[in-house]
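These figures come from a predicted structure and were not determined experimentally.
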Amino acid sequence: MSSETLFTKIVNREIPADIIYEDDLLLAFKDINPQAPFHALVIPKQVIATANDITAENSDVVGKMYVAAAKIAKQEGFADDGYRLVMNCNEHGGQTVYHIHLHVLGGKPMGWPPYTDKAKKA
Ligand code: 5GP
């Protein structure tokens with residue numbers, strides 16, 4: 001498992017980000033390319049590459065990612081209206097950064113299913 005990712009560089013303040021939440025285990029920051037009026041990423045500080053690498057041993061931090069996401073939604077004021085939490089996995093899931101992250105998307109109604117044109121043609 002890699003110990004250095006784009007997101008560990010954000011954790012270590014080697015590259016800048018708009019950080020909105022931090023505790024011992026987690027960091028949350030605004031996505032650089034937002035897909036909704038509010039779009040943040042919640043990450044574990046430890047590197048877990050993909051959802052496939054979530055195990056009984058590291059699942060505690062994954063649960064805490066959801067607790068943080070709900071807290072952020074309440075703080076941002078869209079918890080009651082609703083929002084979307086997404087974790088993409090590997091190529092077909094659209095994952096581009098191999099350090100798990102929970103997308104927190106809110107501030108507008110969202111459609112379902114979320115397929116792109118690329119996926120529809122497959
Ligand atoms: P994925 O495609 O892996 O599910 O999501 C990766 C997310 O990271 C994308 O939404 C992308 O916009 C975001 N991202 C990529 N590079 C950076 C960066 O340097 N800073 C921030 N804040 N977000 C990034």
### Query
Is a side-chain donor or acceptor of Q95 paired with a backbone partner of A49 at a separation under 3.5 angstrom?
yes
### Query
Would a distance-only check, ignoring hydrogens and angles, find a side-chain to backbone donor-acceptor pair under 3.5 Å from D31 to N33?
yes
When you group the ILVMFWY residues by side-chain heavy-atom contacts below 4.5 Å and let the links chain together, are [Y] and [X] in the same group?
| X | Y | value |
| --- | --- | --- |
| V11 | M65 | no |
| L41 | M110 | no |
| V97 | I48 | no |
| L102 | V67 | no |
| F29 | Y83 | no |

### Task
Check step by step if side-chain contact (heavy atoms from CB on, under 4.5 Å) holds for L6 and I15.
CA-CA 8 Å; L6 176 65; I15 60 173; 3.3 Å; yes
### Task
Check whether more than 12 heavy atoms from other residues, nucleotides or ligands sit under 6.0 Å from atom CG of N12, and answer yes or no.
yes
### Task
Look at atom CG of D80 and say whether more than 12 heavy atoms of other residues, nucleotides or ligands are closer to it than 6.0 Å.
no
### Query
Between V62 and I100, does a side-chain contact (heavy atoms from CB on, under 4.5 Å) hold up when you go through it step by step?
CA-CA 9 Å; V62 177; I100 60 166; 4.1 Å; yes
Could you tell me the separation between the [atom1] atom of [X] and the [atom2] atom of [Y], rounded to the nearest 0.5 Å?
| X | Y | atom1 | atom2 | answer |
| --- | --- | --- | --- | --- |
| R84 | H39 | CZ | NE2 | 11.5 Å |
| N52 | N90 | CG | CG | 5.5 Å |
| M87 | Y66 | CE | OH | 5.0 Å |

### Query
Of T5, I10, T50, which meets side chain to side chain contact (heavy atoms under 4.5 Å, CB included) against H99?
T5
### Task
Answer yes or no: is there a side-chain heavy-atom contact under 4.5 Å between F38 and K30?
yes
### Query
Are a donor atom and an acceptor atom from the side chains of D23 and Y21 found within less than 3.5 Å of each other?
yes
#### Entry: Nearest atoms (heavy-atom pairs only) where G106 meets A36
O-CB, 3.7 Å
### Message
To check you understand the geometry: which heavy-atom pair defines the closest contact between K45 and L26, and what is its length?
### Response
CE-O, 3.5 Å
### Task
Please confirm whether H101 and H103 have ring centers closer than 6.0 angstrom.
yes
### Message
Using the rule given for side-chain contact (heavy atoms from CB on, under 4.5 Å), can you reason through L85 versus V104, listing the C-alpha separation, both sets of side-chain angles and the distance that settles it, and then say yes or no?
### Response
CA-CA 5 Å; L85 302 178; V104 183; 3.8 Å; yes
